[in-house]
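The next block holds one structure in the form of structure tokens; read it before the comments.
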Amino acid sequence: MLGNFTYCNPTKLYFGKNALDGLAQELPKYGKRVLLVYGGGSIKKNGIYERVISILKACGKEVFEDAGVMPNPTTEKLEEGVARARAAKAEFILAVGGGSVCDYAKAVSVSVHYEGDAWKKYFIDFDEPTCPTLPVGCVLTMVGTGSEMNGGSVITNHSEKLKIGHVFGEEVFPKFSILNPEYTFTVPRYQMISGIYDIMSHILEQYFSGTDDNTSDYVMEGLLRSLIHSADVAAENPTDYEARSNIMWTATWALNTFVAQGKDTDWEVHMLGQAVAAHTDATHGMTLAAVSLPYYRHILPYGTAKFARYAKAVWEVDPAGKTEREVAEEGLRRMEAWMKKLGLVMNISELGATPEMLEGIVESTLVMEGGYKVLTKEEIRAIIKASY
Ligand code: NZQ
Ligand code: ZN
């Protein structure tokens with residue numbers, strides 16, 4: 001049964017080949033002093049930087065740059081960004097990049113006017129902002145995280161060996177996001193397929209939870225079928241606009257909080273993947289791919305009916321003559337074959353995890369309570385071991 005909820009998603013989206021026109025419509029609503037946040041330079045190579053700058057100038061903005069946001073943005077970079085935003089007296093943050101840049105922009109937004117330790121407040125204590133926040137807008141260049149239409153912000157603290165996400169409320173969602181599928185054509189293949197798996201994982205984290213009859217589960221089965229189809233097309237031809245636009249839209253739906261309303265969710269794959277990343281700094285979607293099957297095979301006995309439903313609805317497993325358990329297991333086998341064909345990394349050794357890291361990764365893994373089995377430390381250790 002659906003639980004009670006209040007739902008609002010305040011992010012305005014501009015989608016398609018002319019989406020950047022939306023930037024000129026939105027910018028006049030915000031202050032003159034803009035902090036332009038971006039990553040390691042891809043936007044300078046593919047021309048997006050030039051186009052954004054010319055719109056900012058045409059709108060009469062004073063632009064202050066904060067470049068070099070790394071994949072898996074760090075606490076050190078966050079401190080640097082806060083200092084830049086303060087020095088600039090920024091009134092608005094424009095994030096141009098992937099999930100890391102969007103997440104980082106939100107973290108700066110909630111920290112600029114907070115005098116204490118932002119890492120502790122937001123990522124250890126999970127407090128909500130008690131200070132004014134800066135509005136954030138986003139021009140998305142890499143697809144997967146859903147950060148363009150949610151309040152999520154994930155920050156890595158290397159000295160504490162923790163990678164933690166805070167899901168902020170409506171106030172921190174981007175005010176608007178510009179989604180042009182063509183901007184994703186230059187994303188390297190490794191990042192493209194990593195992003196595709198991130199989308200799949202977001203859907204599965206919300207699907208493999210609860211035993212009720214829930215509209216969201218039917219929606220998610222549809223999203224998964226579309227994603228698998230478009231991923232196969234994009235893997236053959238990365239500049240297929242139809243496929244890339246469907247993948248972009250599926251990513252947004254997967255984690256714009258819509259399908260989670262009124263239902264239980266899990267998120268343990270992300271906890272395992274983030275623990276791996278805290279020790280290896282590996283690419284987000286690949287960490288999820290590497291731990292997913294050991295985790296799902298471990299919890300399958302506790303949620304067999306849902307895994308069997310997944311096998312039939314998403315992977316078209318014919319149940320004739322098979323037990324529910326056999327159907328469920330065949331679904332995971334088909335998923336595994338598809339993941340390998342796509343080129344995902346299927347073990348954490350390839351991501352740089354060494355045997356010496358095992359206990360540290362176990363320690364860094366947070367335990368969630370919404371899945372089919374609340375994991376003990378021993379179970380986490382067994383799943384991580386099986387992921388090597
Ligand atoms: O830094 P640049 O030079 O821009 O290069 C980036 C980066 O190296 C490159 N790239 C992005 N757009 C490109 C491009 N290269 C060529 N052409 C383009 N158009 O791609 C690389 C990866 O970018 P990144 O932003 O790190 O990837 P992604 O979007 O996967 O974001 C990952 C981060 O988001 C967090 C992850 O944990 C990770 O820190 N997540 C955020 C979530 C949220 N806000 O809700 C949820 C997710 O589960 C995830 O945890
Ligand atoms: Zn993710």
Side-chain angles (χ1 to χ4, degrees), residues 5 7-23 25-26 48 94-106 135-154 165 167-170 172-185 187 191-207 215-231 233-234 238 240-261 263 265 267 270 284-285 288:
F5 58 86
Y7 181 61
C8 170
N9 191 314
T11 304
K12 183 166 180 176
L13 298 181
Y14 292 86
F15 191 98
K17 294 182 181 180
N18 300 324
L20 197 61
D21 294 349
L23 187 59
Q25 292 177 44
E26 291 298 320
I48 296 173
L94 185 62
V96 185
S100 294
V101 173
C102 295
D103 280 17
Y104 169 84
K106 294 175 207 170
V136 172
C138 169
V139 178
L140 195 68
T141 67
M142 144 98 203
V143 165
T145 66
S147 190
E148 66 276 12
M149 202 182 190
N150 71 35
S153 174
V154 184
V167 181
F168 290 100
E170 275 169 47
V172 183
F173 281 48
K175 301 298 173 211
F176 62 86
S177 284
I178 308 291
L179 307 182
N180 182 340
E182 287 179 336
Y183 290 179
T184 68
F185 287 178
V187 171
Q191 293 293 341
M192 175 183 83
I193 61 173
S194 169
I196 287 169
Y197 191 74
D198 193 21
I199 304 166
M200 176 171 271
S201 180
H202 294 160
I203 301 171
L204 296 179
E205 297 273 35
Q206 299 167 95
Y207 184 81
T215 303
S216 287
D217 286 333
Y218 301 85
V219 173
M220 287 190 274
E221 286 161 0
L223 290 173
L224 286 165
R225 291 175 69 99
S226 166
L227 177 67
I228 291 162
H229 171 72
S230 295
V233 176
D240 185 301
Y241 183 85
E242 185 171 65
R244 296 306 285 269
S245 58
N246 281 324
I247 293 169
M248 189 172 225
W249 194 215
T250 304
T252 304
W253 277 101
L255 200 51
N256 68 1
T257 74
F258 174 73
V259 295
Q261 300 305 320
K263 90 175 287 299
T265 58
W267 296 104
H270 273 65
H284 176 62
L288 306 176

Students often mix this up, so state it plainly: with edges at 30° and 60°, are the rings of His202 and Trp267 parallel, tilted or perpendicular? tilted
State the NZ-CZ distance between Lys263 and Phe5, to the nearest 0.5 angstrom. 12.5 Å
I'd like to know if the side chain of Ser230 reaches the main chain of Leu227, judged simply by a donor and an acceptor atom lying under 3.5 Å from each other, with no hydrogens or angles considered. no
Does Met149 offer a backbone N or O that forms a donor-acceptor pair with the side chain of Thr11 under 3.5 Å? no
Is there a donor-acceptor pair under 3.5 Å between the side chain of Lys106 and the backbone N or O of Gly152? yes
Please answer whether the main-chain N or O of Gly222 pairs with a side-chain N or O of Ser226 as donor and acceptor at a distance below 3.5 Å. no
Check for a donor-acceptor pair, side chain of Ser201 on one end and backbone N or O of Tyr197 on the other, with a separation under 3.5 Å. no
Under 6.0 Å from the ring centre and within 45 degrees of the ring axis: does the NZ or CZ of Lys17 meet both conditions for the six-membered ring of Tyr183? no
Backbone N or O of Asp103 within a donor-acceptor pair of the Ser153 side chain at under 3.5 Å? yes
Determine whether a donor-acceptor pair (N or O, by modelled atom type, separation under 3.5 Å) exists between the side chain of Glu26 and the backbone of Lys175. no
Steps toward side chain to side chain donor-acceptor pair (under 3.5 Å) verdict (Ser216, Gln261): CA-CA 8 Å; Ser216 287; Gln261 300 305 320; over 6 Å; no
Could you state the interatomic distance from CG (Leu94) to SG (Cys138), rounded to the nearest 0.5 Å? 8.0 Å
Quick one: sort the Tyr14 and Phe176 rings into parallel, tilted or perpendicular, breaks at 30° and 60°. perpendicular
Counting N and O atoms only, with roles assigned by atom type, does the side chain of Asn150 sit under 3.5 Å from a partner on the main chain of Asn256, one being a donor and the other an acceptor? no
